[in-house]
Amino acid sequence: MKKIDKLVLGSFWGPFFLTLGVVIFIFLMRLLMFYIDDFVSKDLDLATFGRLLFYFSLLTIPTALPLAVLLSSLMTFGNLGEFFELTALKSAGISLTRAMRPLLIVAVGISGFSFWFNNSVAPWANLKGYSLLYDIKTAKATLNLKEGIFYNDLPGYSIKVDQKVKAAENSKTGDLLKGLVIYKHPTNGAESGNREIILADSGRMYTDKDRSYLVFQLFNGNDYQEYSDNSPISYNSAGTPATGGQFMRNGFKDYRLVISLESFGIKRTDENQFEYHEYMKNLSELSVLTDSLRKEYTNTSMSVANTSRQYYNYQFKADAVTKQKAIKDGKWVDSLMKKREVAVPDLAQSALSQAQNILTYATSNVTYLTEKEKNVWRYQLESHHKFTQAFSIFVMFLIGASMGAIIKKGGFGVPVLIAIVFFIFLYVLTIAGDKYAKDGLIWVPIGAWLANIILFPLGLLIMQRARHDSRLFDKDVYIIAWERLRVRWKNWSDSRSVSQSVS
């Protein structure tokens, strides 16, 4: 490795890893802001939250790599141009493409890593991350009693507190609760009504060490219970149920009510329920699923014609008529016409009913086949994205290195602005191509490769301009061009006025 290669690579790796970390952090903050309502009051432990962030940080790497390569290559050659190192290299007979060669090899290597990552690691991270996110979203919130409002998230209980008094910071018994009302509902159905109610002047609420049970320590109250005798319900003359059970009241000074917290917390769902999604598949699995879905779509579309025959009713069959003997006129015609007058309304109604059935059948089949075809497009699109995301890294390198050699500015000023513009352009084109491909408006490969199809020629054009020392971002170039345009316009106006005066 020559010194020029060490110089270029040494200037590249620092901004690359810094940009990659910043982009991953930004995407994780976007995730937290988007799902903040699902995380609040779920009492997530650090291990669960750390695993979620780890999985989604892996998912952001394929998206962050193009931007990291773009910005780092732009800053590398921008710094070399700003400190006249590119000028010294060119004066020594070293071309721009030779100076880019080490980073070109690195960009190809990162593209290969991105393809491997998308095909091997990303499906696993998608499965783990989104299944864990689903479990967090479906988990019940932690117990949060509000003053004067019944809390009904505990199975079998409705709890109301009149006032909550904040406990001291070092207290292990929880807040002091005043005016507690606890209804105990039967867990086997609500048809029997509320059979037990607990009223207490005050109490405290806390959980055990394992956080498996919730304990209410109640003070100075009564427990009211009604026991049914399991006899058939009878009604009196007023229409109200007659008394058929026993009523009991128990007073207490100190009573502990223990409630299981089994329904709270995160319950892991079987990950096999999420494996159907295209994001959870590698390239070989996507290929197999695409072929099977395409065959299923073809078989279904071919069977529509045969299945629709049951909706048709043939009143006259040409083959049967031709095989009969010649028909002669006679009185039977008049009798047939009389029967026809009666049969026409029935035939018309039958024909209308059959036509409506056929229309409904055709509409449902069109909708079904359209959804089948859209599934094929989705899996095809994800298969192409395994390659497009890797190739976009090479495209971003062409644009970044060439733009850095042109603008000759390093640091986090102009390079960051230009990188963000091109990255947004790449992102918007990718989203638009995916939408058009999923809707069937354009061919799936065109939609998947739309961003690279547009940006790759642009990168080659910028590379060509950089090799010829284009002054694309020099202010004086545009000032001179404007002055030339103004002079030409003035000369054209003067010549036109002179011609008009002569005529």
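In this text the structure is predicted, and so the values were computed from the model without any measurement.
Counting heavy atoms from C-beta on, the side chains of Glu285 and Asn282 come closer than 4.5 Å. Side chains of Leu7 and Lys3 form no contact here, defined as non-hydrogen atoms less than 4.5 Å apart. Taking the side chain as every heavy atom from C-beta outward, Tyr279 and Leu127 never approach each other to under 4.5 Å. No side-chain heavy atom of Ser402 sits under 4.5 Å from any side-chain heavy atom of Arg465. Side-chain contact between Leu283 and Phe115: present, with at least one pair of heavy atoms (C-beta onward) separated by less than 4.5 Å. Residues Asn357 and Ser353 form a side-chain contact, since some pair of their non-hydrogen atoms from C-beta on lies under 4.5 Å apart. Arg98 has its side chain within reach of Arg101: a pair of non-hydrogen atoms, C-beta onward, lies under 4.5 Å apart. Between Leu74 and Phe422 there is no side-chain heavy-atom pair separated by less than 4.5 Å.
Partners of Phe16 under the ring pair (Phe, Tyr, Trp, His ring centres under 6.0 Å) rule, at least two apart in sequence or in another chain, are Phe12, Trp13. Applying the side chain to side chain donor-acceptor pair (under 3.5 Å) test to Asp291 and every residue at least two apart in sequence or in another chain returns Arg294. For Tyr130, the ring pair (Phe, Tyr, Trp, His ring centres under 6.0 Å) test picks out Phe56, with sequence neighbours left out.
Distance CD1/Ile418 to CG/Leu71: 10.5 Å, rounded to 0.5 Å. To the nearest 0.5 Å, atom CG of residue Leu65 and atom CD1 of residue Ile110 are 6.5 Å apart. With values rounded to the nearest 0.5 angstrom, Phe425 atom CZ is found 7.5 Å from Leu458 atom CG. Distance check: Phe117 CZ to Ile61 CD1 gives 4.0 Å after rounding to the nearest 0.5 Å. The distance from the CG atom of Leu58 to the CG atom of Asn126 is 10.0 Å, given to the nearest 0.5 Å. Rounding to the nearest 0.5 Å gives a distance of 10.5 Å between CG of Leu450 and CG of Leu426.
Looking at every heavy atom in both residues, Thr63 comes nearest to Phe423 through O-CE1, 3.7 Å. Closest heavy-atom contact between Leu67 and Thr19: O-CG2, 4.2 Å. Here the closest heavy-atom approach between residue Ala390 and residue Ser111 is recorded as O-OG, 3.1 Å. Nearest approach of Arg378 to Glu278, heavy atoms of both residues: NH2-OE1, 2.5 Å. Here the shortest heavy-atom pairing between Ser301 and Leu369 reads N-CD2, 3.9 Å. Contact detail for Ala99 and Val8: the closest heavy-atom pair is O-CG2, 3.8 Å.
Heavy-atom neighbours of Phe150 CZ from other residues, nucleotides or ligands within 6.0 Å: above the threshold of 12. In this structure, Trp443 places its CH2 atom where only 12 or fewer heavy-atom neighbours from other residues, nucleotides or ligands lie under 6.0 Å away.
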(request) Test side chain to side chain contact (heavy atoms under 4.5 Å, CB included) on Met100 and Phe77 and set out the steps. (result) CA-CA 9 Å; Met100 290 182 179; Phe77 284 91; 3.4 Å; yes

(request) Check the pair Arg486, Glu483 against salt bridge (charged side-chain N to carboxylate O under 4.0 Å, His left out), reporting the backbone distance first and the verdict last. (result) CA-CA 5 Å; Arg486 190 174 63 83; Glu483 290 295 331; 2.8 Å; yes

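Separation of the Phe391 and Phe387 ring centroids does not fall under the 6.0 Å cut-off.
Applying the side chain to side chain contact (heavy atoms under 4.5 Å, CB included) test between Val376 and each of Leu381, Leu293, Val444 identifies Leu293 as the sole match.
Between the Ser11 side chain and the Thr76 main chain, no donor and acceptor come within less than 3.5 Å of each other. A donor-acceptor pair under 3.5 Å is absent between the side-chain atoms of Ser287 and the main chain of Ser284, judged by distance alone. Panel note: side chain Thr363, backbone Leu359; a donor-acceptor pair is recorded below 3.5 Å.
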Throw together a table of side-chain donor-acceptor distances under 3.5 angstrom for residues 21-29, partners on residues two or more places apart or in other chains.
none

Could you pull out all donor-acceptor pairs under 3.5 Å where a side-chain atom in residues 434-442 meets a protein atom, sequence neighbours excluded?
from   : atom 1 : to     : atom 2 : distance (Å)
Asp434 : OD1    : His385 : NE2    : 2.8
Asp434 : OD2    : His385 : NE2    : 3.1
Lys435 : NZ     : Asp439 : OD2    : 3.3

Cut-off 3.5 Å, no hydrogens considered: what does the side-chain donor-acceptor table look like for residues 392-400, sequence neighbours left out?
from   : atom 1 : to     : atom 2 : distance (Å)
Ser392 : OG     : Thr388 : O      : 3.4
Ser392 : OG     : Gln389 : O      : 2.7

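A donor and an acceptor atom, one from each side chain of Arg488 and Asn491, are nowhere located under 3.5 Å apart.
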